Amino acid sequence: MRKNLYTIFLVFCSQMVFGQTTIIRNSEIAKMISEISSDSLEHHVRMLASFNSRHTLSIDEEDGMPAAQQYVLSKFNHFAKQSGGRMTAEIEKFVIPGDDRRIPTDSPAANVMATLKGINPADDRIFIISAHMDSRNKDVMDEKGASPGANDNGSGTAAVIELARIMASHQFSATILFVAFTGEEQGLKGATYLADKAKNEGWNIGAVLNNDIIGNSSSSETLIKDNLMMRVFSETIPAAETEQEATIRKYINADNDSKSRQLARYIKEHGERYVDQFEVKLIYRADRFLRGGDQTPFAKNGMTAIRISEMNENFLHQHENVRMEDGVQYGDLPDFMDYEYLRKVTAVNLASLASLADSPDQPLEVKIDVRNLSNQTTLLWKAPKIGKAKGYFVLMRETSSSMWERKFWTTDTSLTLPYSKDNYFFAIQSVAESGAEGIPVLPTPLFKLN
């Protein structure tokens, strides 16, 4: 106990200054972030928008979705040359069954993917960074009309391309999958295909960071212009929650601590650590009100997945035909985007993704000791199965707080804190030799020793 309390005191003094945790940046991640180019992002958006239509059902080999997919594939293949053979790229084709809704008949489709293999043979985790590249205009079934889709979702696709460019020459413990989905506007078809494939083949999905509509900083109607904030959406109650998991959640009051919510907190912490004067807003919804995105099929399959989106949407330039009406320009055109804002959102993605892919896996059998009444809190856990943990952070926050407020360092696999479990939530986080932190794990009650 004395050793634990002394450790707590030292870490508290070294990390807390006027109530704030000292910001420590990994130099390699900071360098990668400095390489993100708003000009490069704009180039990719304009190239994607130059195709007449990226509608899922477009079959125009010269000016439609197939041509746009070839463009993304060419970028991935070009970046792969810098990876030392670790990155490969492909267009994975599949058939979308007709559904009498947005897919009239069985239709060909494809996802464009680049795989950056991890360097640790024992690490089978896959971290997915994604966006959908299909576009639409006002009529969701119009596959021939012009639909540039600059912001929705050329912006997210451009971010995925840019991250592949920068990260291809770097090494990570886990594998990173860069994906440009198709079929999002027709019902999340490409994401559903990949999420089901991952589940059926037993992929170890570490997390899914889905980017959708991330390049605009001004809103319609409210006339708000703000390039200092972005949103992360995460589910509150897991879509794939089992009856047993629901019982535990209710028992320990963990309604605000789903795996996706832990990932959202992680993204906020790491994004704000590396991107100056930029706030990551946590939105306690799986997606926007009554709307969805490509993270949804992964969440439904029990995987940790979130949606990243701009703070303010402009509906004059989303799901609209390109036209001038009463002096107002409609349509999702590249000229209405904020590419410096897009750079910032892309940087938040990189900071989070690079840290995740180099971190140890989550600690195992994380428990909170409830065998005796006490105003102290004892936490116990086991080392992660994947990756070597240099040590662990025990995280703590008040029950009314959205973010973890304090971190206590230990190299042991147990720690006793002089804080009551009645008044605080706790979690355990693995930390690598490099300082890369894993996604925190909430403890479940320990009633008796094994």
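Here the structure is a predicted model, which is why all the values come from computation and not from measurement.
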Consider only side-chain N and O atoms of K225 and S217, and report whether a donor and an acceptor are under 3.5 Å apart.
-> yes

Do T115 side-chain atoms and M87 backbone N/O form a donor-acceptor pair below 3.5 Å?
-> no

Under 4.5 Å between any side-chain heavy atoms of T411 and Y392, yes or no?
-> no

Option passing side chain to side chain donor-acceptor pair (under 3.5 Å) with K189 (candidates N111, T56, D99) = D99

For E310, does its backbone N or O pair with a side-chain atom of R231 as donor and acceptor, under 3.5 Å?
-> yes

Taking atom types as modelled and ignoring hydrogens, do the side chains of T378 and T416 form a donor-acceptor contact shorter than 3.5 angstrom?
-> yes

Hey, does the side chain of R397 reach the backbone of E405 with a donor-acceptor pair shorter than 3.5 angstrom?
-> no

Rounded to the nearest 0.5 Å, what separation is found between the CG atom of L209 and the CD1 atom of I308?
-> 4.5 Å

NE2 (H170) and CD1 (I176) are apart, to the nearest 0.5 Å, by 10.5 Å

Could you tell me whether the side chain of Q429 and the main chain of G438 form a donor-acceptor pair under 3.5 Å?
-> yes

Interatomic distance, L379 atom CG to D412 atom CG [nearest 0.5 angstrom] = 12.5 Å

Strictly by modelled atom types, are N151 and E313 linked by a side-chain donor-acceptor pair under 3.5 Å?
-> no

Taking only Lys NZ, Arg NE, NH1 and NH2, and the carboxylate oxygens of Asp or Glu, determine whether E269 and K407 approach each other closer than 4.0 Å.
-> yes

With distance as the sole test, does T399 use its side chain to make a donor-acceptor pair with the main-chain N or O of Y424 at under 3.5 Å?
-> no

Over all heavy atoms of both residues, which pair between E279 and K268 is shortest? Give the atoms and the distance, please.
-> CG-NZ, 4.1 Å

If you look at every heavy atom in S352 and G271, which pair is closest and at what distance?
-> OG-N, 4.4 Å

Indicate whether any N or O donor in one side chain lies under 3.5 Å from an N or O acceptor in the other, for N216 and H317.
-> no

Any side-chain donor-acceptor pair under 3.5 Å between E92 and Y193?
-> yes

Is the closest side-chain donor-acceptor distance between D123 and S173 under 3.5 Å?
-> yes

Nearest-0.5 Å distance that lies between atom CD in E243 and atom CD1 in I248 = 11.5 Å

With a distance cut-off below 6.0 Å to the six-membered ring centre and an angular limit of 45° from the axis, does R371 pair with F447 as a cation-pi contact?
-> no

Steps toward salt bridge (charged side-chain N to carboxylate O under 4.0 Å, His left out) verdict (E28, K31) = CA-CA 5 Å; E28 184 177 1; K31 183 177 184 302; over 6 Å; no

Determine, for E241 against K259, whether the closest basic-nitrogen to carboxylate-oxygen distance falls under 4.0 angstrom.
-> no

D39 backbone acceptor or donor facing H43 side chain under 3.5 Å | no

Polar contact flag, side-chain donor to acceptor under 3.5 angstrom, R261-Y284 | no

If you measure only the distance, is there a donor-acceptor pair under 3.5 Å linking the side chains of D152 and H319?
-> yes

Side chains of E184 and N153: is there a donor and an acceptor less than 3.5 Å apart?
-> no

Between E162 and S40: side-chain donor-acceptor atoms closer than 3.5 Å | yes

Can T444 and K367 be said to form a side-chain hydrogen bond (donor to acceptor under 3.5 Å, both in side chains), step by step?
-> CA-CA 5 Å; T444 56; K367 300 293 182 181; 3.1 Å; yes

Return yes when atom CD of Q244 has more than 12 non-hydrogen atoms of other residues, nucleotides or ligands closer than 6.0 Å, and no otherwise.
-> no

N120 CG to K388 NZ distance, which is reported to the nearest 0.5 Å = 12.5 Å

Of all the heavy-atom pairs spanning A195 and M303, show the shortest one and how long it is.
-> O-CE, 3.7 Å

Looking only at heavy atoms, which two atoms of P297 and D294 are closest? And how far apart?
-> CD-O, 3.3 Å

Using atom types as modelled and distance alone, determine if a side-chain donor or acceptor of D358 lies under 3.5 Å from a backbone N or O of A354.
-> no

Would you check, one step at a time, whether the test side chain to side chain contact (heavy atoms under 4.5 Å, CB included) holds for I205 with T304?
-> CA-CA 8 Å; I205 300 297; T304 304; over 6 Å; no

Give, for atom NZ of K300 and atom CD of E235, the distance between the pair rounded to the nearest 0.5 Å.
-> 11.0 Å

Mind running side-chain hydrogen bond (donor to acceptor under 3.5 Å, both in side chains) on D257 and Q262 for me, showing each step along the way?
-> CA-CA 6 Å; D257 283 278; Q262 303 298 357; 2.8 Å; yes

Verify the distance criterion only: is there a donor paired with an acceptor across the side chains of N301 and D196 at less than 3.5 Å?
-> yes

Checking side chain to side chain donor-acceptor pair (under 3.5 Å) against R307, which of N210, D287, T296 comes through?
-> D287

Check: S260 side chain, A305 main-chain N or O, donor-acceptor pair, under 3.5 Å | yes

Would you say the side-chain atoms of D124 pair up with the backbone N or O of N204, donor to acceptor, closer than 3.5 Å?
-> no

May I have the step-by-step check of side chain to side chain contact (heavy atoms under 4.5 Å, CB included) for R125 and D361, ending in yes or no?
-> CA-CA 8 Å; R125 293 173 300 164; D361 203 2; 3.8 Å; yes

Any W404 side-chain heavy atom under 4.5 Å of F393 side chain = no

Within the distance-only criterion (no hydrogens, no angle test), does the side chain of T157 pair as donor or acceptor with the backbone N or O of A180 below 3.5 angstrom?
-> no

Evaluate the ring pair (Phe, Tyr, Trp, His ring centres under 6.0 Å) criterion for residues Y274 and H270: first the C-alpha distance (whole Å), next the side-chain angles of each, then the deciding distance (0.1 Å), finally the verdict.
-> CA-CA 6 Å; Y274 286 93; H270 284 74; 7.0 Å; no

Given the rule in the side chain to side chain contact (heavy atoms under 4.5 Å, CB included) test, do L446 and V370 qualify, once you have shown the distances and angles that lead to the verdict?
-> CA-CA 6 Å; L446 172 66; V370 295; 5.6 Å; no

Give the intermediate values and the outcome of side chain to side chain contact (heavy atoms under 4.5 Å, CB included) for residues L116 and T175.
-> CA-CA 6 Å; L116 181 62; T175 293; 5.9 Å; no

